[in-house]
There are 2 protein chains.
Amino acid sequence: MTTPRPKPAPTRARRTTIYDLAVLVGASPTAVSAVLNGTWKKRRISASLAERITRTAEEQGYALNLQASGLRREKSRLIGMIVPKYDNRYFGSIVERFEAMARARELFPIITCTMRDPALEIQAAREMISHQVDCLIATGATDPDRITAICEAAGVRSLNLDLPGSRAPSVISDNFGGALALTRRILAASASQRHRGEPIPFIGGRASDHNTSERIRGFRAAHEEAGIIVDETMILATGYAPDRAITALEVLAKRRGQLPRAIFVNSTIALEGVLHWTRSSGHFGSVAPHVGCFDWDPLAAVLTENIVMVQQDVPAMLEALFRLIDADDPAPGLSEIPTHFAPQPFAGTAATAGAD
Amino acid sequence: MTTPRPKPAPTRARRTTIYDLAVLVGASPTAVSAVLNGTWKKRRISASLAERITRTAEEQGYALNLQASGLRREKSRLIGMIVPKYDNRYFGSIVERFEAMARARELFPIITCTMRDPALEIQAAREMISHQVDCLIATGATDPDRITAICEAAGVRSLNLDLPGSRAPSVISDNFGGALALTRRILAASASQRHRGEPIPFIGGRASDHNTSERIRGFRAAHEEAGIIVDETMILATGYAPDRAITALEVLAKRRGQLPRAIFVNSTIALEGVLHWTRSSGHFGSVAPHVGCFDWDPLAAVLTENIVMVQQDVPAMLEALFRLIDADDPAPGLSEIPTHFAPQPFAGTAATAGAD
DNA sequence: CCCTCCTGCTCAACCGATGTAGCAAGAGGT
DNA sequence: ACCTCTTGCTACATCGGTTGAGCAGGAGGG
């Protein structure tokens with residue numbers, strides 16, 4: 001019945017279905033389906049028939065068609081996530097952990113990266129909805145509320161991660177608190193090398209996104225505590241490209257006629273540029289500035305002196321996220337997860353202990 | 001099966017279907033379907049009806065049910081990829097590029113990471129097949145042929161990336177050539193600091209995987225060219241964990257009673273351990289050894305003196321991969337893509353030019 | 001012996017989209 | 001006036017599972 005093809009039927013063996021199995025076993029498709037999806041006890045199929053069906057399915061290498069199954073059940077057991085980039089450890093660990101936790105709940109995670117492109121975010125969200133995801137997580141989305149609106153229209157639950165929205169529950173880091181603690185630390189560390197009242201620059205990120213603006217707030221608060229005034233020219237939220245960070249610092253140094261003794265860096269990607277500049281510009285000689293980085297990278301930890309990194313607590317964030325997913329209560333609140341300072345590399349491992 | 005809740009049916013508005021639209025427009029579901037999937041000209045639907053249908057669909061926020069569509073068409077326009085980890089730039093860029101290229105072909109990419117766990121690889125492959133992927137890419141799989149076999153049984157095309165298999169077409173880096181060139185370079189760079197005939201250690205990876213063994217072969221070939229004998233104790237393929245690399249180097253140094261003047265490092269993850277050891281063990285003082293790393297990380301590039309990194313040519317690999325996907329000819333050959341040395345950080349950018 | 005209950009299974013109607021077949025109305029040709 | 005062709009649409013079966021309803025046969029009770 002497939003098609004009236006004059007094809008010499010080369011390979012294209014049709015996939016085994018429950019109907020094929022039913023014929024093989026001599027039972028009804030219903031029985032096969034019930035056995036294979038585990039509802040057979042409830043449906044009063046005998047253990048012996050169940051055994052025969054299971055065995056035959058295995059022999060035939062039967063694979064359930066989840067498209068058909070999902071269509072009938074009107075849910076897919078698919079959970080979607082959109083993510084901006086795969087070029088840093090933060091999003092990498094979010095995705096790894098998300099997948100593991102989704103699988104533990106018998107959900108199939110589908111993740112797609114949007115290259116920080118707002119149009120692609122929307123397109124990806126729509127595609128995921130078309131694929132009938134039961135739930136969609138927007139991670140670091142530029143316009144989370146837009147995604148929430150699209151999901152709402154389709155009756156799909158949505159949550160925000162990393163960047164908050166106002167219309168869906170959001171789990172984010174305590175950006176203010178993390179930036180405050182980080183700024184305090186590098187202000188203290190660099191105190192003896194700075195003039196009295198001299199502020200440090202903030203570099204990277206987009207002032208328009210919530211996280212960056214909260215971090216700037218924490219950055220300012222720490223300065224204020226220390227009695228330091230921060231003027232606008234110290235805030236260089238020039239985006240996520242490393243070379244923009246370099247240019248901005250170069251310009252700043254030229255204008256001020258002096259080099260910063262400490263720098264607040266707002267992402268590991270910006271950090272690439274910053275560290276390149278401090279190392280290879282020749283400006284600093286052997287006295288590298290203190291660097292505080294909001295986000296963590298293990299190679300930076302190993303290779304940089306005078307660096308402090310704030311690590312976002314990905315496990316805790318995802319625990320919180322899945323608590324919201326498990327409880328299907330869509331109260332659109334904001335969960336802020338505390339950050340912590342990244343530990344010394346290899347602290348407490350056999351490797352360090354052994355290196356006497 | 002969630003729970004027997006006395007829920008007051010709060011929101012859960014059913015999703016709009018072509019039947020709903022058909023009623024609204026006063027046309028048949030067939031017409032709606034034809035208009036929305038673009039076959040309406042062929043089906044001789046009038047432009048005016050098409051216009052009305054399109055408008056109504058938009059107003060109602062209609063989203064196609066790809067589960068139903070895929071079921072009927074017997075293909076999903078889904079393309080699957082399994083990937084070991086998200087903790088390095090190599091796999092990150094593979095995934096980013098794969099997604100972009102898949103989307104350019106109107107395929108929806110679904111990617112899942114398997115944490116280098118062979119059982120999870122198999123499970124993930126099966127799940128993807130159940131979701132009816134049209135094609136499955138096994139990236140860095142520990143047992144690619146097993147996955148190919150599973151795909152074959154289900155009539156799904158499969159390809160290997162990064163690690164080759166014998167039963168499906170494979171696209172990988174020229175590991176031998178890359179390792180040969182890299183080893184030559186660090187042997188040359190460290191020549192004046194090594195005793196005559198002194199080999200350097202190879203650290204990281206698994207000797208059982210094809211890539212590592214090819215790299216070892218290239219590593220040995222470069223030594224042989226230089227008239228240096230490499231005994232087994234210099235090959236430290238201790239896996240991908242950074243702390244294992246540290247331990248192995250520590251043991252090696254103790255046994256030989258001297259420090260290596262150059263090191264071949266087989267992944268950026270092992271590099272974390274290696275650089276930690278060279279920096280903080282105190283062994284090296286200010287004379288860091290020459291490091292050659294098979295794989296690239298931008299922070300390592302910026303922060304390490306005397307490092308040479310081999311970068312795998314991800315764009316070229318994915319071009320080759322998609323050529324195989326586009327041509328549906330499954331000849332199980334091996335494409336080896338040349339690698340190159342990573343360029344100087346920010347070379348040729350405004351950033352460098354500006355930093356006078 | 002009749003009635004009820006339980007066991008073990010099957011039937012048929014879906015889920016939403018799509019491809020094939022076909023029908024009614026009007027245009028155009030002879 | 002009759003036939004053919006085109007236009008613009010609809011009806012229906014189908015993809016592969018799932019699910020509520022229901023049926024046959026045997027056990028058990030009165």
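We name chains A, B, ... by the order of the sequence lines, and we start the count at 1 in each one.
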Whole-Å gap separating P (D:dT19) and CH2 (A:W40): 17 Å
Position toward the 5' end of DNA chain C (nearest nucleotide), A:I45 or B:N37: A:I45
Euclidean distance, atom CG of residue A:L49 to atom C1' of C:dT7 [Å, nearest integer]: 13 Å
Enumerate the protein-to-nucleotides 21-24 of chain C contacts in which both atoms are nitrogen or oxygen and the separation is below 3.5 Å.
none

Value in whole Å for how far the P atom of D:dT18 lies from CG of A:L21: 12 Å
Residue pair A:S76 / B:Q67, side-chain donor-acceptor N/O under 3.5 Å: no
Gap between atoms CZ and C1', on B:R77 and C:dT18 respectively (whole Å): 14 Å
Heavy-atom pair of closest approach, residues B:F98 and B:G80: CZ-O, 4.2 Å
A:R105/A:D326 ion pair, N-O < 4.0 Å: yes
Interatomic distance, B:R52 CZ vs D:dG8 P [rounded to whole Å]: 13 Å
Carboxylate-amine/guanidinium contact B:E106 B:R77, below 4.0 Å: no
Sugar-phosphate, base or nothing in reach of B:A27, heavy atoms under 4.0 Å: sugar-phosphate
Pair A:I18-A:Y62, side-chain contact (heavy atoms from CB on, under 4.5 Å): steps then yes or no: CA-CA 8 Å; A:I18 53 167; A:Y62 170 78; 3.5 Å; yes
Set of residues satisfying ring pair (Phe, Tyr, Trp, His ring centres under 6.0 Å) with respect to B:F91, sequence neighbours excluded: none
Interatomic distance where NZ belongs to B:K42 and P belongs to D:dT6 [whole Å]: 19 Å
Short side-chain to backbone donor-acceptor contact, B:N65 and A:Q132, under 3.5 Å: no
Salt bridge A:E121-A:R116, side-chain N to carboxylate O under 4.0 Å: no
Strictly under 3.5 Å: I want the nitrogen or oxygen pairs between protein and nucleotides 12-16 of chain C, one per line.
residue, atom, partner, partner atom, Å
C:dA12, N6, A:T30, OG1, 3.3
C:dC14, O2, A:R72, NH1, 2.9
C:dC15, O2, A:R72, N, 3.3
C:dG16, N2, B:A68, O, 3.2

Touch class at under 4.0 angstrom, heavy-atom based, for B:S46 against every strand present: sugar-phosphate
Spacing of A:K41 atom NZ relative to C:dT7 atom P, expressed in whole Å: 13 Å
Touch class at under 4.0 angstrom, heavy-atom based, for A:L36 against every strand present: nothing
Salt-bridge present (B:R167, B:E152; N to O < 4.0 Å): yes
Short side-chain N/O contact from A:S33 to OP1 or OP2 of D:dT18, under 4.0 Å: yes
